[in-house]
Amino acid sequence: MTTTRLDRGLVARTALDVLNEVGLDGLSLRAIAGRLDVKAPALYWHFKDKQALLDEMATEILRRVTAAAPAPDPDWRVGLAHSMRALRAELLRYRDGAKVYSGTHFTDTAYGASMDAYLRTFTDAGFTTRAAARAWFTAYSYTIGYVTEEQAMGPDPADPPANLPVDPPADLSADPEAARSGAYDLAARAERLAAYPLAAAAGEELFLEREAGFEAGLAAVVAGIGHTLAPGAPGASGV
């Protein structure tokens, strides 16, 4: 057995490495202990259960987001977009990264200074504190939701891995692995939805060019914030 001194940070960083290999469903304290060359009970000195570990993993991801994010731009629109791009980029570094990150409880307040600085770009522009918080959380929720969906879909269907089938079965629910692979045959999908032309045409927007799709959605979110929460906006008075 190794004599490496365990601490919460080391276990969380190792867990993120294991996550990339096995995904969230395959992540276990036993697998992490094996990577660290210790017995699984040793990890319970640091984490009472898997959820506690997930909380620390999410916190480690957030630390990395904070370290990678640029300094807030004085223009709240620019700063908000930059910060959400940094969050998405970090979540995409990990298999099921958005699922691990979403709904967890951060274990320290290291994010406080960065969050405060970004929120200040809103209040300096005249947003109320409530409106600033709502603006931030709206963009934050959009980003996490978008990454959750794109990771659930799997690799970009425009460039599927060589070891995955190019044509999934007609009923994707019959083959969950193919459904997750992202290797969608959009022509076959459109044929199945021929009676619903708008739904059929939506396939390319939903399943291709995810980077462009994220940017289009982010632009809509930022524009919506400006229209509803910014000083002078019709909906701003109530927030």
Side-chain angles (χ1 to χ4, degrees), residues 1-71 83-119 136-137 140-156 161-164 175-182 210:
M1 287 291 173
T2 183
T3 57
T4 301
R5 182 179 178 83
L6 293 182
D7 59 42
R8 290 174 61 89
L10 175 60
V11 176
R13 292 190 297 272
T14 302
L16 288 171
D17 292 338
V18 175
L19 177 71
N20 273 341
E21 297 177 9
V22 302
L24 183 56
D25 289 343
L27 186 69
S28 66
L29 292 176
R30 182 181 297 276
I32 298 163
R35 179 61 57 86
L36 290 166
D37 196 24
V38 299
K39 292 185 181 297
L43 303 186
Y44 287 100
W45 285 100
H46 304 282
F47 301 99
K48 65 179 182 179
D49 52 30
K50 184 176 178 180
Q51 185 57 55
L53 173 60
L54 291 175
D55 289 345
E56 187 63 33
M57 291 168 66
T59 303
E60 177 60 24
I61 292 174
L62 182 58
R63 293 186 191 109
R64 297 177 184 184
V65 172
T66 301
S83 63
M84 293 306 119
R85 291 183 188 117
L87 174 58
R88 175 173 177 262
E90 193 63 34
L91 293 177
L92 286 174
R93 293 180 188 276
Y94 314 101
R95 183 175 171 182
D96 296 327
K99 286 184 180 179
V100 169
Y101 189 82
S102 179
T104 51
H105 297 279
F106 299 128
T107 61
D108 63 34
T109 59
Y111 62 90
S114 176
M115 183 177 183
D116 202 73
Y118 276 103
L119 289 175
W136 176 267
F137 191 68
Y140 179 82
S141 299
Y142 162 72
T143 301
I144 295 172
Y146 190 94
V147 178
T148 298
E149 287 299 314
E150 65 179 323
Q151 289 185 321
M153 287 189 290
D156 191 325
N163 63 334
L164 290 174
D175 188 347
E177 187 59 37
R180 288 193 296 270
S181 75
R210 296 178 189 171

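Quick caveat: nothing in here was measured; it's all calculated off a predicted structure.
With respect to Arg8 and Glu56, a salt bridge is recorded, a charged nitrogen being found less than 4.0 Å from a carboxylate O.
Atom OG1 of Thr143 sits about 5.5 Å away from atom CG of Leu87, to the nearest 0.5 Å. Of the inter-residue distances, the one linking Leu16 atom CG with Arg93 atom CZ reads 12.0 Å to the nearest 0.5 angstrom. Atom-to-atom distance recorded for Arg13:CZ and Glu60:CD is 6.0 Å, nearest 0.5 angstrom. If you take OG1 on Thr107 and CZ on Phe47, they are separated by 8.0 Å, rounding to the nearest 0.5 Å. Interatomic distance, OH of Tyr94 versus CE of Met57, reported as 9.5 Å (0.5 Å rounding). To the nearest 0.5 Å, the span separating OG1 on Thr59 from CZ on Arg64 amounts to 12.0 Å.
Shortest non-hydrogen contact noted between Tyr118 and Ala69 is OH-CB, 3.9 Å. Nearest heavy atom pair, residue Ser114 against residue Thr66, reads CB-CG2, 3.6 Å. Shortest non-hydrogen contact noted between Ile144 and Ser102 is CG2-CB, 3.9 Å. Shortest non-hydrogen contact noted between Val18 and Ala31 is CG1-CB, 4.2 Å. Heavy atoms only, all atoms of each residue included: His46 and Asp7 are closest at CE1-CA, 3.9 Å.
Residues Leu62 and Tyr101 form a side-chain contact, since some pair of their non-hydrogen atoms from C-beta on lies under 4.5 Å apart. Taking 4.5 Å as the limit, some side-chain heavy atom of Leu54 sits within range of a side-chain heavy atom of Leu24. Considering only heavy atoms from C-beta on, Leu27 comes within 4.5 Å of Lys50 through its side chain. Using a 4.5 Å cut-off on side-chain heavy atoms (C-beta onward), Arg210 and Glu149 make no contact.
When each of Val11, Thr104, Val100 is tested with Leu53 by the rule side chain to side chain contact (heavy atoms under 4.5 Å, CB included), just one qualifies, namely Val11.
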Kindly indicate, with the supporting measurements, whether the criterion side chain to side chain contact (heavy atoms under 4.5 Å, CB included) is fulfilled by Leu29 and Tyr44.
-> CA-CA 9 Å; Leu29 292 176; Tyr44 287 100; 3.3 Å; yes
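At least one donor-acceptor pair closer than 3.5 Å links the side chain of Asp55 to the backbone N or O of His105. Glu90 places no side-chain N or O within donor-acceptor distance of the main-chain N or O of Ile61, the cut-off being under 3.5 Å.
Between Tyr142 and Tyr146, the ring planes are tilted. Angles from 30° to 60° get that label.
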